[in-house]
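Below: the structure, in structure tokens.
Not measured: the values here are computed from a predicted model.
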Amino acid sequence: MNAVSVLKKFFGYDKFRSGQEEIVSHILKGQDALGIMPTGAR
């Protein structure tokens, strides 16, 4: 499963915000990741 399909399946979004996809991809590969991700609405 890739990062975009996980985002769509669990959260209903079609695209990540800047920098988020890289973090989630590392996690899905079982790699360590540390990130500060924006949340909420604009």
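Put simply, CD1 on Ile27 and CG on Leu34 are 9.5 Å apart, with the number rounded to the nearest 0.5 Å.
Here salt bridge (charged side-chain N to carboxylate O under 4.0 Å, His left out) pairs that include residues 24-34, with residues two or more places apart or in two chains, number zero.
Every residue meeting the side-chain contact (heavy atoms from CB on, under 4.5 Å) condition with Asn2, not counting sequence neighbours, appears here in chain and number order: Val4, Ser5.
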Show me the side-chain donor-acceptor pairs of residues 7-15 shorter than 3.5 Å, one per line, residues at least two apart or across chains.
unit_1	atom_1	unit_2	atom_2	d
Lys8	NZ	Asp14	OD1	2.9

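A donor-acceptor pair is defined here as one N or O able to donate and one able to accept, closer than 3.5 Å; such a pair exists between the side chain of Gln20 and the backbone of Arg17.
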